[in-house]
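Heads up, the thing below is written out as structure tokens.
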Amino acid sequence: MAAPIAIHLEFGGGAELLFGSVKEHHVTLPNQSEPWDMKQLLVWIRGNMLKERPELFVQGDTVRPGILVLINDADWELMGELEYELQDKDNVVFISTLHGG
Amino acid sequence: MCQVDEEYNGQLEHRVTPRVSKKCVKCKENTAVLIIRAGDAFCRGCFKEYFIHKFRAMLGKNRVIFPGEKVLLAVSGGPASSSMLSQVQEGLSRDAPKKLRFVPGIIYIDEGGASGQSMEERERAVAQLESVFRATNYHYHIVHLEQVLSLPSSVLEAGSSATEKPQTGSSYKAAVDQFIQTRKNQHPDLSVENAQSHPSSLSMQEVENGGTSPITPEQTQALQRLFASVRTLTAKEDLLHTLRQHLILHTARTQGYTKVMMGDSCSRLAIKLLSNISLGRGASLATDTGFSDPRYGDVVIVRPMRDYSSKEIAYYNRMFDIPSVFIPGLDTKAQDKASIQHLTESFVTKLQTDFPSTVSTIYRTSEKLNTACPPQNTHTQPSAKCLLCVCALDTKLEEFSAYQATLISEQLSQRRGPGPGFTPGTAAAPGLPPASSASQCCYSGGGQHQSCMTGEGGCCSSAKEPETVDLKSLLCYSCRLTIKDMTAEDALPQYILSEAERRKRRSQMREEISEFLLDEEEDEAILRVNGSL
């Protein structure tokens with residue numbers, strides 16, 4: 001049984017437009033039986049935070065190609081991408097490198 | 001690609017295996033923070049060094065910028081151009097002997113009028129950018145896209161290059177000497193050292209006249225009308241790009257800049273390469289995507305960011321707090337299939353996630369491209385350049401080209417519509433009207449053409465009514481397609497229309513006196529007389 005964890009989310013490069021133009025979000029992920037990983041976080045963001053056009057942020061079970069992900073200021077490719085297990089007070093950043101956001 | 005299962009499967013799976021706390025490949029001490037190319041993990045310090053080195057290496061390798069030269073940095077506020085600005089600052093501030101030695105200025109084109117932003121949003125964006133620019137202490141020019149409506153038609157003329165550019169290898173030194181010499185002759189009071197040591201004093205003087213000039217709601221409406229008359233997003237993006245280039249070029253010329261730096265990253269250039277092929281700009285790929293773009297003659301465009309991927313840029317900006325301003329554009333929140341450019345972007349980025357060398361492969365291809373015929377007759381034949389993109393015209397080919405085949409099939413399909421008779425005067429029909437191709441082959445001198453015989457009438461009839469200028473014959477293939485997507489050509493800014501009229505008149509004049517011309521040289525002499533009259 002994992003306790004609820006608080007994480008800091010940040011959106012940039014135009015990705016913030018899909019979240020009401022707010023760049024920084026402090027969110028608390030609720031209790032669940034297994035630990036939170038990035039895959040579940042994306043599902044949670046899609047269900048709870050995305051204001052519009054989810055396909056511009058999530059495609060399949062991962063982020064849209066062209067959106068970079070940083071976990072605690074490091075490339076998520078180094079952290080195990082979707083399998084990374086989120087810890088309390090983690091900082092996750094999404095930066096769109098696409099033209100027009 | 002079809003061999004994925006056989007050969008690449010192992011690599012693909014290997015790529016996604018978690019590699020937590022991997023060490024940097026360079027210093028092998030610190031923990032890596034990002035992967036640049038497949039497998040190359042860098043730590044923060046090594047990445048910074050690598051990034052800075054790459055910018056200076058790019059400029060050093062190409063050797064096109066002279067000491068003391070005025071260089072205009074085209075900054076859109078986006079990550080790549082903001083990063084370019086920070087690299088220029090870095091290069092100029094260093095005390096090392098290899099310090100960059102040119103005089104930078106900044107230009108920002110406010111395109112909010114075309115992408116439908118409100119005045120408040122535009123002002124906010126400009127204010128944000130101004131605070132970034134002010135911090136650099138370079139002088140900067142904020143130009144609104146509306147100002148394109150009052151450009152002089154001389155923008156569309158290719159200038160002659162001041163130096164005959166012997167810019168490679170050992171002759172670079174000679175070129176630099178020549179450059180400094182001409183500079184001293186022009187501004188005897190301003191030596192290179194002077195310009196170097198007081199960039200800030202220069203900037204303070206010129207900011208006032210280079211700053212924002214107010215625009216009227218009427219101008220904004222005229223601009224919006226222009227963009228509303230374009231039917232597709234593909235053509236809108238292309239037109240916006242063309243107008244932006246004209247404004248940058250005009251500012252560079254009037255303010256005395258001889259180089260313009262664009263922040264195209266290699267990811268962007270790979271997308272541009274593929275989308276330009278799809279747009280029919282294959283003939284000008286080399287100038288559109290190469291390191292230096294000499295099409296304007298007196299102002300050369302350089303792309304020093306072309307070795308960086310958009311990922312590297314985004315990480316660098318994030319790690320070292322490089323300010324950038326997000327400004328929504330024409331294609332913000334657009335569907336994947338909204339335009340050719342947008343579709344190509346999503347194609348390339350999707351491919352890139354599974355095949356990390358996609359962008360670099362496309363980009364290496366673009367490096368190898370060269371123009372088939374170098375633009376040696378830049379100043380002798382002004383009519384041989386496209387009216388809009390100022391590239392060499394690709395539409396004057398011989399009889400059996402793919403382009404002629406396209407024209408013929410268009411003519412045939414049009415003939416069925418209006419009536420059985422083939423009349424060269426039906427210029428109102430959409431697409432490439434027969435008159436345009438006919439008159440065009442007239443003045444290109446290919447007299448044995450069948451359509452040329454019927455085309456005589458086309459030339460003369462358009463001479464009677466100079467009000468309706470047939471733009472298409474003055475454009476390259478791709479710009480024709482863009483104009484074809486416009487409902488009203490007369491919505492185009494006046495400088496384009498009047499330059500088109502001037503070129504048309506000149507070619508008619510040439511046509512009329514063609515009997516009296518002896519050879520090419522004499523021909524040019526008469527043209528020059530005409531031009532001066």
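Heavy-atom basis, side chains included; hydrogens, waters and symmetry copies ignored. To find a chain, count down the sequence lines: A is the first, B the second, and so on, and within it residues start at 1.
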Among the options S310(B), A41(B), G329(B), pick out the one with the most heavy-atom pairs lying under 4.5 Å from chain A. S310(B)

Applying a heavy-atom distance below 4.5 Å, give me the residues of residues 67-74 of chain A that approach chain B, sorted by number. L68(A), V69(A), L70(A), D73(A), A74(A)

So, the part of L98(A) with a heavy atom under 4.5 Å from chain B: the answer is both

Least distance between heavy atoms, H25(A) atom then V22(A) atom: NE2-O, 3.0 Å

Report yes or no: does Q224(B) contribute a side-chain atom to a donor-acceptor pair with the main-chain N or O of A114(B) at less than 3.5 Å? no

What's the shortest heavy-atom distance between D90(A) and E85(A), and which atoms? OD2-O, 4.4 Å

Please state whether the side chain, the backbone, both or neither of N317(B) comes within less than 4.5 Å of a heavy atom of chain A. neither

Take the angle between the ring planes of F19(A) and F11(A) and call it parallel below 30°, perpendicular above 60°, tilted in between. parallel

Measure A80(B) against the heavy atoms of chain A and call it side chain, backbone, both or neither at under 4.5 Å. neither

Counting N and O atoms only, with roles assigned by atom type, does the side chain of T28(A) sit under 3.5 Å from a partner on the main chain of I5(A), one being a donor and the other an acceptor? no

Side chain to side chain donor-acceptor pair (under 3.5 Å) with N276(B): which of T289(B), D288(B), D238(B)? D288(B)

With ring centroids as reference points, do Y315(B) and F47(B) lie under 6.0 angstrom apart? no

Non-hydrogen contacts under 4.5 angstrom with chain B: give the residues of residues 39-58 of chain A involved, or none if there are none. E52(A), R53(A), L56(A)

Could you tell me whether E10(A) and R318(B) have a side-chain N and a carboxylate O separated by less than 4.0 Å? yes

Does a sphere of radius 6.0 Å around OH in Y50(B) hold more than 12 heavy atoms from other residues, nucleotides or ligands, not counting ones at 6.0 Å or beyond? yes

Within the 6.0 Å centroid threshold, strictly below: F51(B) and F55(B): no

Correct closest heavy-atom pair for G77(B) and S82(B) would be O-OG, 3.3 Å

At a heavy-atom distance under 4.5 Å, which candidate from G66(A), G12(A), G14(A) has the highest pair count against chain B? G14(A)

Is there a donor-acceptor contact under 3.5 Å from the side chain of S357(B) to the main chain of S360(B)? no

What part of Q335(B) gets closer than 4.5 Å to chain A, counting heavy atoms only: side chain, backbone, both or neither? both

Does L279(B) offer a backbone N or O that forms a donor-acceptor pair with the side chain of S478(B) under 3.5 Å? yes

Tell me, side chain or backbone of R44(B) under 4.5 Å from chain A's heavy atoms, or both, or neither? neither

